[in-house]
Amino acid sequence: MENLIDIKDLSPKEIDKLIEVAKDIMQNPEKYSEKCKHKIMATLFFEPSTRTRLSFESAMLGLGGSVLGFSEAASSSASKGESVSDTTIIVGGYSDIIVMRHPKEGAPLVASMKSIVPIINAGDGGHNHPTQTLTDLLTISCLKNRLDNLTIGLCGDLKFGRTVHSLITAMSRYKNIKFVLISPDELKVPDYVKEEILDKNNIEYVETNDIEEYMKDLDILYMTRVQKERFFNEEDYIRLKDYYILNKKKLENAKKDLSVLHPLPRVNEIATEVDDDPRACYFEQARYGRFIRMALILKMLNIK
Ligand code: NCD
């Protein structure tokens, strides 16, 4: 595999292998601590990030490699008008692998066409976020010991939430997956995801705007933040931002072994009182991000 732009760039078999390696890294980190000695990873973040950038950097450091990069467009030559392609060509001369986040849909794909080193899409606008999905899959595999036979509720901003689009794409390849898509009418899953992924794969799904309606059926509840930075007008954002607030009361009818996930950052959509509930798994989920990214870096650099 050259680049990771879309989660479909990885087959389910390759994902199984990444999960297996990530689990081994968690058990035996010292075995991997020098695997990337003399390798350099560049993180080009044209958009803010905490978990994705730092877990990638922590992953590379944990493999004995080095990191360089920038964490905002303003501190790069993008602010002087340099194109993403040119920046990528230049940074490819300074590094072995590039991780890129960009506010424009498709920017990492465009960059990959000119790049001489592998490119990882760390989030492109409201489009895709394949490495968050790898994190989600490792989390689900660790918590549930399976990736099939699951009813998954996705709640919040399903329109602009790139993690949701990549997760639907990935999960639609496993057996007996059902989705409950919970959002306000304005923030429903885009038609292209419904047509090209859900309908094409005959995946069962329902849409609702009531978070409690199907609560009792869910194995996973994946909460998301309303994506403020993708809104065209602030009024709409203000009206929709607190549409869902998951609290203890709303979890009353949920299964005992429900897992509540969230790619984070959380704003108001999960009340902090839920954090003590054994079903709240989002902080654990964020920790898994480092290990699956370690496995991914090894794969993309062809290191055994
Ligand atoms: C997500 C993102 O950037 O899309 N964050 C992350 O990478 N964990 C979710 C979000 O910003 O809401």
Side-chain angles (χ1 to χ4, degrees), residues 4-7 22 41 43-59 69-73 99-109 119-140 152-171 181-184 186-187 189-190 193 220-231 236-237 240-246 259-270 280-294 296-297:
L4 177 60
I5 305 298
D6 188 296
I7 192 67
M41 183 180 75
T43 50
L44 310 187
F45 276 62
F46 296 88
E47 218 187 41
S49 168
T50 300
R51 274 148 294 273
T52 305
R53 187 172 62 84
L54 296 181
S55 68
F56 259 115
E57 296 193 359
S58 168
F70 53 82
S71 54
E72 50 175 358
V99 181
M100 178 183 291
R101 169 170 289 187
H102 202 285
K104 283 216 177 87
E105 287 79 4
L109 174 65
I119 302 274
I120 298 174
N121 175 7
D124 63 325
H127 193 211
N128 284 324
H129 194 345
T131 69
Q132 179 62 46
T133 296
L134 290 176
T135 302
D136 302 339
L137 297 180
L138 173 61
T139 306
I140 296 170
I152 304 173
L154 297 159
C155 177
D157 187 346
L158 310 187
K159 179 180 181 189
F160 296 117
R162 55 194 174 196
T163 64
V164 167
H165 308 154
S166 293
L167 185 58
I168 290 177
T169 306
M171 293 309 302
L181 307 174
I182 311 155
S183 74
E186 293 96 322
L187 299 178
V189 169
V193 176
I220 309 269
L221 174 57
Y222 194 94
M223 297 297 296
T224 63
R225 163 182 81 90
V226 176
Q227 305 279 299
K228 181 180 183 189
E229 62 275 41
R230 317 260 178 251
F231 275 76
D236 287 345
Y237 170 69
L240 295 168
K241 73 183 170 76
D242 293 329
Y243 204 97
Y244 299 107
I245 300 179
L246 182 68
S259 302
V260 180
L261 302 184
H262 190 313
L264 304 178
R266 150 174 72 181
V267 186
N268 285 327
E269 56 282 353
I270 304 179
C281 303
Y282 28 91
F283 293 125
E284 190 179 345
Q285 178 187 6
R287 272 200 306 280
Y288 288 126
R290 178 172 190 247
F291 303 108
I292 198 76
R293 289 181 171 106
M294 289 170 90
L296 179 67
I297 292 167

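Residue numbers start at 1 and run along the sequence shown. One-based numbering, in listed order, for ligands and for the atoms of each.
With a 4.0 Å heavy-atom cut-off, ligand 1 is reached by the backbone of L264 but not by any atom from C-beta on.
With salt bridges taken as basic N to acidic carboxylate O contacts below 4.0 Å, one links R230 and E47.
Shown here are the salt bridge (Lys or Arg N to Asp or Glu O under 4.0 Å) partners of D236, two or more places apart in sequence or in another chain: R239. Remark: H102 pairs with F46 by the ring-ring contact (aromatic ring centres under 6.0 Å, His included) rule, at least two apart or across chains.
Of all atoms in ligand 1, listed by their number and element, those nearer than 4.0 Å to a heavy atom of T163 are 1 (C), 4 (O). For ligand 1, the atoms sitting less than 4.0 Å from at least one non-hydrogen atom of T52 are 6 (C), 7 (O), numbered in the order shown with element in parentheses. Near R225, meaning under 4.0 Å from one of its heavy atoms, ligand 1 places the atoms 10 (C), 11 (O), 12 (O).
Using a distance-only test at 3.5 Å, with no hydrogens or angles considered, no donor-acceptor pair links the side chain of H129 to the main chain of S166. Side chain of N121 to backbone of P108: no donor-acceptor contact under 3.5 angstrom is found.
In this structure, G123 does not count as a contact residue of ligand 1, since none of its heavy atoms falls inside 4.0 Å of the ligand. Proximity of R101 to ligand 1 is established by a heavy-atom distance of less than 4.0 Å.
Atom 4 (O) of ligand 1 has as its closest protein heavy atom R162 NE, 2.7 Å.
Considering both main-chain and side-chain atoms, P265 never comes within under 3.5 Å of ligand 1 through any nitrogen or oxygen pair.
Taking each heavy atom of R293 and R51 in turn, the nearest pair found is NH1-O, 4.5 Å.
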